[in-house]
Student: 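Attaching a single structure in structure tokens format; questions to follow.
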There are 4 protein chains.
Amino acid sequence: MELIAENGLHATPVSQISKRSGVSAGSIYHYFPSKEAIINHLYLNLKKEMADAAFRGYDINAPYKERFFLMWQNSLNYLLSKPTQLSFMEQCSISPLISQETKEAGKRSHAPLAGFVTEGCESGYLKKMDTQLILSLVHGTIIGTAKLQLSGALDITDEHRVGAAQACWDGLKEE
Amino acid sequence: MELIAENGLHATPVSQISKRSGVSAGSIYHYFPSKEAIINHLYLNLKKEMADAAFRGYDINAPYKERFFLMWQNSLNYLLSKPTQLSFMEQCSISPLISQETKEAGKRSHAPLAGFVTEGCESGYLKKMDTQLILSLVHGTIIGTAKLQLSGALDITDEHRVGAAQACWDGLKEE
Amino acid sequence: MELIAENGLHATPVSQISKRSGVSAGSIYHYFPSKEAIINHLYLNLKKEMADAAFRGYDINAPYKERFFLMWQNSLNYLLSKPTQLSFMEQCSISPLISQETKEAGKRSHAPLAGFVTEGCESGYLKKMDTQLILSLVHGTIIGTAKLQLSGALDITDEHRVGAAQACWDGLKEE
Amino acid sequence: MELIAENGLHATPVSQISKRSGVSAGSIYHYFPSKEAIINHLYLNLKKEMADAAFRGYDINAPYKERFFLMWQNSLNYLLSKPTQLSFMEQCSISPLISQETKEAGKRSHAPLAGFVTEGCESGYLKKMDTQLILSLVHGTIIGTAKLQLSGALDITDEHRVGAAQACWDGLKEE
DNA sequence: TATGAATGAGGTTTCATTCAT
DNA sequence: CATGAATGAAACCTCATTCAT
């Protein structure tokens, strides 16, 4: 993942992966049928890890808004603390290397997030919009903020975090 | 750009570009020093075109909110009507193939957009946040919405467009 | 042998041999010093089996012509009933993988056949030609007939068998 | 073809072909889509050349038997004078590398030979047997004789040639 | 004795780039 | 200025063989 984050999906030969990991090319191909499979595997694992990270410290009894902010911050913090993962994920999210099957499995692991949004809509906390669309808007603001830091355009402070989360909430909350 | 959108940045050999364009490899290298240069050139042109597209029908005398919605919709419409460009842009935005120089030139061509945001902050229409951050949040919601369509996850209707734009505005407007 | 008949001498990795035989690669290399040795071993065994098959039902007191037909038919029947062996043998017969030593050992196991031909020449049943040449002509007609079936070009019936054997005999018999 | 005759079909890497031919690997792949295609191409060309060689000096007005001997000798001489071609052909004739399509095209180029055999059967010169079977028997004797020389088992003299051809004719002629 | 993960040289193929025409 | 064949380094992947368990 490091190598792909640094050099790009296709500019990362297996020979480099072998060198950096200290595992021979033969062994790599003993465990994975192809380079494509490695990347799909990494992608899926990462998707799950990100979904888990979002729910860290999640308290089902806390007020909805509080939970919304927690998850938004959790997600942003995860990406800010792991620029490698952010870069890797962004590259995979477009690439045709990621199979349809993997994408669907990835989506499944994000089902709890979709459930949280649906709950918000039905309980009247969030605007009545398509769940997918809301998720994308939330995701867009998180990714947008994180990429600012990654590209070096802006050093994200706590104030920025709170401001961005607030903007996201204000945009989506009912009323 | 079509080829790169279809196959990915590195899965597009110059030989294919030559075939699809009807221009011999030799001629391509007569006009561009390298494949990298071609992509940087395309990227920069596209950045400008997108900035121009955002300002289509812009009326400096219209109310701020109206102008905000116009530009948001212009940008989204551009991406929805040109999935090739969206895909190409998304790939470039991460790739190390795009030089620092090109990125900066791209940012310069987006200066009018930054100016519009700054104006909004100073005039009290938008929240007092870092211009870069606001731009990223806006950009994030637009890209997020457009990618929904591109990935086939949701067919974006007029209602979705208006809702997303409204959410973006609600999130960023002062008060 | 099955694998080699199906896929070819060099398109049969040891790993497949291991899988199909249910014997681990390590064990294979415990009993054979190399893949080459396995193939030489199989080849030699098969040569012997084919020589034995030719003599099935052989009656030393039967007339020479009768014995000729018996052995010709025996040999053809063996190959027709064991396409795997035919394919394997044909591949080995050319391959540089088969060592000189193995080839000579193979020839030695075919000595009884050579003896039968020599007997025929000396007794005046067969034309006075070089023993090797006669053996090759006989072998050529048998292989030629068997390969017709293997390649699917012709379904060899009893009539074909008899006709081909007769043609071989007519070509080689004295007078 | 030389390399394959020397080392075997699969023990001939493209890198060696490149070195021996003085053509870079890249250029080889400019003209052939794959190594398989090269071999199929060589095989087909050789098939045609062999069919042509068989008809060298063919006189349609000569007696049938004379023409039979001419073609038999032509074919044998071709193989004896070109051991490389013999070895290459024998390897291809079994290999799964040769596509069904190529095999059929090869058979088509041998149609004149089949026609010659059919003519012989219908005119009463040859036994009434399946054309394919006769062709295979003839082919078998020629290949068998030629391989004797190739394997070093026997140095084929003019006497051997005449004897083998006569045996083949005697075996197949009517009456 | 049996296993099978590990190795890495070497196989086929691709592709950015050059250059004679 | 245009062409496209030629190049060869480097990509992905395979496989005979070894060796710790």
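Order of the sequence lines sets the chain letters (A, B, ...), proteins ahead of strands, with each chain counted from 1. Nothing here was measured: the structure is a model prediction, and the numbers come from that model.
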Student: Specify the separation, in whole Å, of atom CZ of B:Arg20 and atom C1' of F:dG4.
Tutor: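 In whole Å, F:dG4 C1' and B:Arg20 CZ are 20 Å from each other.
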Student: Between A:Gly22 and D:Thr12, which residue's closest nucleotide on DNA chain E lies nearer the 5′ terminus?
Tutor: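 Nearest nucleotide further toward 5': that of A:Gly22.
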Student: How many whole angstroms separate atom NZ of B:Lys35 from atom P of F:dA10?
Tutor: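 Roughly 16 Å, once rounded to whole Å.
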Student: On DNA chain F, does the nearest nucleotide to A:Val14 precede the nearest nucleotide to D:Ser24 from the 5' side, or the other way round? Give the residue.
Tutor: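 The residue mapped nearer the 5' terminus is D:Ser24.
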Student: Could you check if a side-chain atom of B:His10 sits within less than 4.5 angstrom of a side-chain atom of A:Leu9, using non-hydrogen atoms only?
Tutor: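 B:His10 does not reach A:Leu9 side chain to side chain.
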Student: Between D:Gln16 and B:Glu36, who's closer to the 5' end of DNA chain E by nearest nucleotide?
Tutor: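 The residue whose closest nucleotide sits nearer the 5' end is D:Gln16.
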Student: Mapping D:Ala25 and B:Val23 to their closest nucleotides on DNA chain F, which lands nearer the 5' end?
Tutor: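 In this pair, the answer is B:Val23.
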Student: Applying a 4.0 Å non-hydrogen cut-off, can you work out what C:Ser18 is touching in the nucleic acid: base, sugar-phosphate, or nothing?
Tutor: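 Here C:Ser18 touches no strand at all.
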Student: Return the nearest nucleotide to the side chain of D:Tyr31; candidates are F:dA2, E:dG4, F:dA6.
Tutor: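 Among F:dA2, E:dG4, F:dA6, the one nearest the side chain of D:Tyr31 is F:dA6.
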Student: Both distances below 3.5 Å, Watson-Crick or wobble geometry, any strand: find the nucleotide opposite F:dA16.
Tutor: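 Base partner found: E:dT7.
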Student: Nearest-Å distance, NE2 (C:His10) to P (F:dA16)?
Tutor: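 Value for this atom pair: 10 Å.
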Student: How many angstroms lie between atom CD1 of C:Ile38 and atom OH of C:Tyr29, to the nearest 0.5 angstrom?
Tutor: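 Reported to 0.5 Å precision, the distance equals 6.0 Å.
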Student: In whole angstrom, what separates B:Asn7's CG from E:dC15's C1'?
Tutor: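 Whole-Å distance recorded here is 14 Å.
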Student: Rounded to the nearest 0.5 Å, how far apart are OG of A:Ser109 and NZ of A:Lys107?
Tutor: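 Taking OG in A:Ser109 and NZ in A:Lys107, the distance rounds to 11.0 Å.
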Student: Could you give the CG-to-P distance, from C:Leu97 to F:dC15, as a whole number of Å?
Tutor: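 One finds 15 Å between P of F:dC15 and CG of C:Leu97, rounded.
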Student: Please verify the inter-ring angle class for B:Phe32 with B:His41; under 30° counts as parallel, over 60° as perpendicular, anything in between as tilted.
Tutor: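 The arrangement is perpendicular - the two ring planes meet at more than 60°.
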Student: Once you round it to whole Å, what is the distance between C1' of E:dC19 and CD1 of B:Ile28?
Tutor: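 The answer, rounded to whole Å, is 16 Å.
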Student: In Å and rounded to the nearest 0.5 Å, what is the CD1 to CD distance from D:Ile4 to D:Glu2?
Tutor: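 The CD atom of D:Glu2 is 11.0 Å from CD1 of D:Ile4, to the nearest 0.5 Å.
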Student: Please state how far atom NZ in D:Lys19 lies from atom P in E:dG10, giving the value in whole angstrom units.
Tutor: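 Interatomic distance, NZ of D:Lys19 to P of E:dG10: 11 Å.
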Student: Any side-chain N or O of D:Ser27 less than 4.0 Å from the OP1 or OP2 oxygen of F:dT7?
Tutor: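 Affirmative; the distance criterion is met.
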Student: If you compare every side-chain N and O of A:Tyr29 against the phosphate oxygens of F:dC13 (OP1, OP2), does one of them come in below 4.0 Å?
Tutor: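 The answer is yes; a side-chain N or O of A:Tyr29 sits under 4.0 Å from OP1 or OP2.
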Student: Please determine if a side-chain N or O atom of D:His30 lies less than 4.0 Å away from the OP1 or OP2 oxygen of F:dA5.
Tutor: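 Yes, such a contact exists.
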Student: Roughly, in whole Å, what's the span from CG in A:Leu9 to P in F:dA11?
Tutor: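 Result: 15 Å.
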